[in-house]
Amino acid sequence: MMEEANKSQRKKILLIDDEEDFCFLVKLNLEKTGKYDVLTTTSGYKGLVLAANEEPDMILLDIIMPEISGGQVAEQLLENPKTKDIPILFVTAIASRREVQSQEGIVGGRQFIAKPVTPEEIMAKINGMLEHGK
Amino acid sequence: MEISWFKTANRGHNSLKYRFLIISSLIFVLPVLILFYLFYQSDTVFDFLHLLILTFILLLVLAGMMAMRFIFDRVFHVADSLKKASESGKALSTNLKKDVTELDDILVSFNSLLQKFEKEADQATQRTLELSALKDIGETIIKKTDVDELLMAFLDKALSMTTAQKGSMFVIEPDNESLRLIGSRGIEHLEKGARIKISETLLKHVISEKKPLLVQNIENDPRVQKKNDPKYGTASFLSLPISMGRGDITAVLNLSNKKTGEIFDINDENALSVMEVEIRFTLENALLQAKIEEYIKNIEERNARLEKEIAIRIQAEEAQQKLHEELVEAEKRAALGTCAAGIAHEVKNPLAIIIQGVEYLKSTVGSDTTLSDVTERIKRSALRADDIIKGLLSFTRQTPIQVEDVEITPIIEETLSFVEHQIESKHIRINRQYAPDLPDVRVDSNQIKQVFVNLLLNSVEAMQDGGTIIISTEATRDERDKRCLQVSIADTGCGIPENKIDKVFDPFYTTKDTPGNAGLGLSVTKGIIDKHHGRIRIESEADKGTRVIVSLPAGNAR
């Protein structure tokens with residue numbers, strides 16, 4: 001029960017990124033804090049299914065992926081009533097950290113975080129977005 | 001008894017006989033003497049042939065003198081007989097009548113001979129005048145090369161030779177339909193340069209027939225039959241066509257109003273025709289010379305134009321070459337940018353994994369300082385790799401600039417504050433030499449700050465044991481005479497070897513030994529300057545220092 005209570009306080013994070021190692025380590029680092037449950041998938045399509053079924057509190061979404069890009073996944077998430085309100089944080093390797101920082105983490109109206117990123121930076125971003133309800 | 005005329009001639013120096021004796025001597029003896037003189041002057045050697053000729057001539061002279069003696073003895077014998085007959089009143093004897101008749105025949109022959117001599121003398125005189133005029137013309141022609149001047153000289157000589165008092169010279173215009181007056185004498189109402197239609201003048205006959213027109217009375221001549229204009233003097237006139245070598249009529253000479261009211265005659269026409277022939281080819285030469293000079297002038301002007309065009313073309317080719325090089329460079333950058341973006345993406349993902357892994361390891365090592373140190377070093381290296389990637393992307397990415405007119409001095413001062421720590425740590429002095437009343441510059445402030453940061457950090461890194469950085473500003477004009485502002489950053493550091501200065505703007509080229517230096521700073525700097533349409537150049541000497549001069553376009557504000 002205690003565990004269930006703790007579990008209910010933990011935020012459910014869905015990480016969609018084609019780098020399996022990155023998914024593994026982010027899951028490891030975030031869950032180590034005890035504040036997050038992290039679901040991971042390397043497939044954008046599977047991510048859509050997981051998002052609809054698991055209804056996570058936040059989705060961390062890579063942009064450049066082989067089967068379907070992060071942008072396309074985001075569009076489909078928005079079109080699905082079950083997932084349209086889930087906040088999305090893009091985790092990208094194509095923008096520099098300085099660029100993202102200089103834009104206060106918002107590029108084109110979307111929240112971004114640039115790789116390579118530390119676990120602390122990820123958690124700070126996640127907490128910030130969840131607090132503001134974005 | 002006949003007394004020799006020669007014997008009686010000596011009896012009085014004033015007698016007719018004496019005079020005839022002198023004349024006959026002159027006629028027969030003098031030429032021989034002249035002949036001897038000419039031989040003497042020419043240093044002729046008298047061979048047998050010459051002696052034979054001289055002897056023959058002498059014999060002829062003697063024969064002539066003998067003949068003259070017989071003739072004059074006879075003449076004067078008849079004269080004496082007539083005198084005696086008239087004094088005595090006796091009738092002339094038959095022989096005497098025969099002599100008188102014969103004498104009469106001789107006198108008639110002499111008279112005829114004298115008339116012929118007179119005529120020949122007149123012609124010789126006329127010819128002498130013509131030759132004299134030709135000589136004058138020749139001398140005049142030598143001095144003049146202008147066609148109009150030559151024609152006017154011809155007119156003047158024609159006037160003097162024919163004693164005409166009025167004259168004019170017309171040239172045929174290129175359209176062959178009109179005449180242009182190049183000059184006149186004694187005719188005030190004609191203006192130089194005046195034009196008349198050929199078809200409306202009497203000269204159309206001269207031009208069409210290519211023959212002189214000699215009119216003794218303009219009112220009676222069936223070819224003309226026109227009322228005489230008193231402005232031209234008497235009713236007689238002479239027009240002469242002038243051609244220039246090839247038979248084409250190019251000018252017409254007109255004469256009128258001979259002195260003392262005389263009319264022009266065939267002698268005038270012939271004399272002028274001879275003169276015209278003499279000057280014909282000279283006129284053509286003068287015309288050709290004028291054409292050649294004009295041709296040469298056109299050639300020279302054309303050459304000057306061509307040289308100018310060549311210079312412009314060379315400039316354009318150089319500009320094109322430069323543009324081509326810039327385009328190639330831009331293409332390289334674009335290709336590199338595309339490549340870099342791909343590389344950056346592929347590298348960043350592993351870096352992200354490394355960072356995540358290292359962070360996890362750090363959280364598990366606990367108090368083990370060595371492991372903690374190792375993981376920290378791994379993290380720093382991963383972040384430095386990320387910085388390199390970032391620098392590469394900055395170099396290759398075509399980040400659009402957002403320009404505005406700003407003051408340069410505050411930008412420089414702000415940049416100095418960014419690197420203040422590095423400057424102070426190496427005990428480097430800053431010497432500011434800012435010009436007053438500088439114009440604003442038209443720049444993207446953030447990117448220009450990046451330029452100055454790069455340059456200042458390069459100067460700092462070149463001075464390991466202290467030194468001086470001199471920052472100066474100056475308003476100037478570029479090679480296109482456009483206003484610009486020049487910022488110079490000079491240091492007293494280690495300098496750049498001469499053989500490496502040309503390479504410092506190449507990507508990944510570095511003269512620094514510091515690890516992790518990607519060699520992109522000056523490449524990025526130059527890229528930013530180029531985007532601002534500015535210029536950057538470096539002056540450096542090994543072990544003495546380096547000076548970087550940046551020129552930026554001035555703003556429009558002031």
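Here the structure is a predicted model, which is why all the values come from computation and not from measurement. Residue numbering restarts at 1 for every chain, and letters A, B, ... go by the order of the sequence lines.
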For the [atom1] atom on [X], are there more than 12 heavy atoms of other groups (residues, nucleotides or ligands in this structure) within a distance under 6.0 Å?
X	atom1	answer
A/Glu55	CD	yes
A/Lys46	NZ	no
B/Arg432	CZ	yes
B/Lys362	NZ	yes

Where do A/Leu25 and B/Ile353 come nearest, in terms of heavy atoms and distance?
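For A/Leu25 and B/Ile353, the tightest heavy-atom pair comes out as CD1-O, 3.2 Å.
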Would you say the side-chain atoms of A/Lys115 pair up with the backbone N or O of B/Lys348, donor to acceptor, closer than 3.5 Å?
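Flag not set: sc A/Lys115 to bb B/Lys348 has no pair under 3.5 Å.
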Counting N and O atoms only, with roles assigned by atom type, does the side chain of A/Asn29 sit under 3.5 Å from a partner on the main chain of B/Gln356, one being a donor and the other an acceptor?
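Flag set: sc A/Asn29 to bb B/Gln356 pair under 3.5 Å.
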Enter the distance from B/Asn349:CG to A/Ile64:CD1 here, rounded to the nearest 0.5 Å.
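Here the interatomic distance stands at 9.5 Å.
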Any chance you could measure B/Leu351, atom CG, to A/Phe22, atom CZ, to the nearest 0.5 Å?
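Answer for the CG-CZ pair, B/Leu351 versus A/Phe22, is 11.5 Å.
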